[in-house]
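A short write-up of the structure that comes next.
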There are 2 protein chains.
Amino acid sequence: MSETTIQLTPVQQKFILHWGEMGTKWGINRTVAQIHALLYIWPESINAEQITKVLSVARSNVSTSIKELQSWGLVKNVHVMGDRRDHFETLEDVWEMFRIVMDERKRREVDPTLILLRDCMEEQKKSGKRDKHTEGRLEALQEFFESAADSYERLRSVPTATLRRIAKMGDKVLKLLKAA
Amino acid sequence: MSETTIQLTPVQQKFILHWGEMGTKWGINRTVAQIHALLYIWPESINAEQITKVLSVARSNVSTSIKELQSWGLVKNVHVMGDRRDHFETLEDVWEMFRIVMDERKRREVDPTLILLRDCMEEQKKSGKRDKHTEGRLEALQEFFESAADSYERLRSVPTATLRRIAKMGDKVLKLLKAA
DNA sequence: GAAAAATTTCAGCTTTTTTTGAAATGACTG
DNA sequence: CAGTCATTTCAAAAAAAGCTGAAATTTTTC
């Protein structure tokens, strides 16, 4: 089987290592983030063995990490003619990529928090001795999360092209909003 | 010394435990997040020993975690008359709290990434063999981060009251922007 | 300025997370 | 369907992160 051995340039290495560190700071496994970085900068799809070599990690680790990335919807399988191994690639569009991450984090972390807050509020309200202070604090938090989730949901439906355009509008955005 | 022993209600416990878990998913130490949650819901300032008791952690752990929270600007010392121990409290306003977290994360994580990307681009450009593809990918990422950082910087200067108001505008926001 | 109180530091221990490699499973080929 | 190649699973090892308690340091009090 013909096999392209991946050889990283210093710049590529630097980027992949940094992305890995970034990942750890955001609760994402270092290897997972590195694989994502590698797929992001590599021009063609890559197979699992190539990843093991270039990142010096075990084959099984690649398997698990890829699954993780797939569960986020960030990596998809592609097939190369005449090669029965799985090849992988990630999204091209950075905005789209971040949107997916945001979506998933909302689903996995914000939504459960909202449910918890609602639960707490309910439990609080039907409890005998009303703890007004805690109730107030939780309510404030709930309002914040609900407002944020709501605003995000709205933003979500806007095509990335429009988002880019709005981002480029600069100061005009706020002026418009303040005027309204 | 008079000492209020903190006794948590089930709802308070539930909230603090959840906040701790949330923390871990965002790369924040569980104890740090729990202390923050406790300070958030508690009506008065709390001293370190009270925290050790209510969260069942070592005094030294409280010390370290409080320092961490202080380094984020989320906790401040207050002094209680006739008590020489440090007492702690966190911010009241949730929007303000999240703004601070965002600010810090930008400073600690986004800004260094931007620097790295600029470095990479530069190194890439003066390198002998131009790797056009990597260059393109890094440029796209850089543009995204710069645009995001820029938009954030703009938003940052808006008072939280205005942010609340904008968030409450709902669909109107996008209609306005699309029209512009 | 010595004693007491409060806080911080840090080496070593514990727990959790991550990684590995061997074995099991699955998938394709002739 | 037997053999090969590819992927996944999972128990154990390694690494990283987190926590503790004793000792050191700092702060306050008298």
Side-chain angles (χ1 to χ4, degrees), chain A residues 1-4 16-17 19-39 45-72 75-89, chain B residues 1-4 16-17 19-39 45-72 75-89:
Chain A
M1 171 55 50
S2 80
E3 185 69 13
T4 317
I16 290 171
L17 292 176
W19 206 243
E21 290 317 306
M22 280 283 288
T24 61
K25 298 201 179 169
W26 286 82
I28 289 152
N29 178 289
R30 181 179 280 114
T31 306
V32 170
Q34 285 183 351
I35 292 177
H36 179 242
L38 172 61
L39 293 174
S45 67
I46 311 182
N47 66 44
E49 214 199 312
Q50 288 172 308
I51 297 174
T52 66
K53 280 185 187 152
V54 74
L55 298 183
S56 308
V57 289
R59 179 64 184 77
S60 53
N61 195 356
V62 172
S63 184
T64 319
S65 301
I66 287 280
K67 268 185 97 183
E68 173 72 9
L69 284 166
Q70 282 172 331
S71 86
W72 283 76
V75 161
K76 60 171 186 245
N77 278 29
V78 282
H79 291 289
V80 170
M81 278 295 272
D83 188 347
R84 63 205 241 195
R85 290 168 297 183
D86 288 338
H87 285 238
F88 309 100
E89 60 183 34
Chain B
M1 170 55 49
S2 80
E3 183 69 12
T4 317
I16 291 171
L17 291 176
W19 206 244
E21 291 316 307
M22 279 284 287
T24 61
K25 297 201 179 169
W26 286 82
I28 289 153
N29 177 288
R30 180 179 284 113
T31 306
V32 170
Q34 286 182 351
I35 292 177
H36 179 241
L38 172 62
L39 294 175
S45 66
I46 311 182
N47 67 44
E49 215 198 311
Q50 289 173 307
I51 298 175
T52 65
K53 279 185 188 152
V54 73
L55 299 183
S56 309
V57 289
R59 179 65 184 76
S60 54
N61 193 356
V62 172
S63 184
T64 318
S65 299
I66 287 279
K67 268 186 97 182
E68 173 73 9
L69 284 166
Q70 281 172 332
S71 86
W72 282 78
V75 161
K76 60 172 185 246
N77 279 28
V78 282
H79 291 289
V80 171
M81 279 295 272
D83 188 346
R84 64 207 241 191
R85 290 167 298 183
D86 287 339
H87 285 238
F88 308 101
E89 60 183 36

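We name chains A, B, ... by the order of the sequence lines, and we start the count at 1 in each one. Nothing here was measured: the structure is a model prediction, and the numbers come from that model.
Whole-Å rounding puts the B:Arg59 CZ to D:dT20 C1' distance at 13 Å. Spacing between atom CD1 of B:Ile28 and atom C1' of D:dA17 amounts to 15 Å, rounded to whole angstrom units. If you take CH2 of A:Trp26 and P of C:dT17, they are 20 Å apart, rounded to a whole angstrom. Rounded to a whole Å, the CD1 atom of B:Ile46 is 17 Å from the P atom of C:dA6. Taking atom CG of residue B:Asn47 and atom P of nucleotide C:dA5, one finds them 15 Å apart after rounding to whole Å. Rounded to a whole Å, the CD1 atom of A:Ile66 is 16 Å from the P atom of D:dA6.
For the atom pair OG1 (B:Thr64) and CZ (B:Arg59), the distance works out to 9.5 Å, reported to the nearest 0.5 Å. In this structure, CD1 on B:Ile66 lies 11.5 Å from OG1 on B:Thr31, to the nearest 0.5 angstrom.
No side-chain heavy atom of A:Asn47 sits less than 4.5 Å from a side-chain heavy atom of A:Phe88. Taking the side chain as every heavy atom from C-beta outward, A:Leu55 and A:Asn61 never approach each other to under 4.5 Å.
Checking the phosphate oxygens (OP1, OP2) of C:dT18, no side-chain nitrogen or oxygen of A:Thr64 falls inside 4.0 Å. At C:dA6, none of the side-chain N or O atoms of B:Arg84 fall inside 4.0 Å of OP1 or OP2 (strictly under the cut-off). For C:dT7, the OP1/OP2 oxygens have no side-chain nitrogen or oxygen of B:Lys67 closer than 4.0 Å. At C:dT19, one or more side-chain N or O atoms of A:Asn29 fall inside 4.0 Å of OP1 or OP2 (strictly under the cut-off).
Counting any heavy atom pair closer than 4.0 Å across all strands shown, A:Asn61 reaches a base atom. At a threshold of 4.0 angstrom between heavy atoms, the contacts of A:Ser56 are confined to the sugar-phosphate backbone, with no base atom among them.
Between B:His79 and A:Ser60, the residue anchored closer to the 5' end of DNA chain D is A:Ser60, taking for each the nucleotide with the nearest heavy atom. Mapped onto DNA chain D by nearest heavy atom, A:Arg30 and A:His87 fall at different nucleotides, with A:His87 at the one closer to the 5' end.
The side chain of B:Val57 lies closest to D:dT20, out of D:dT20, C:dT7, C:dT20. For A:Arg85, whose side chain is taken as the heavy atoms from C-beta onward, the closest listed nucleotide among D:dT7, C:dA6, D:dT8 is D:dT7.
Salt bridge annotation for A:Glu49-A:Lys53: present, with a cationic side-chain nitrogen under 4.0 angstrom from a carboxylate oxygen.
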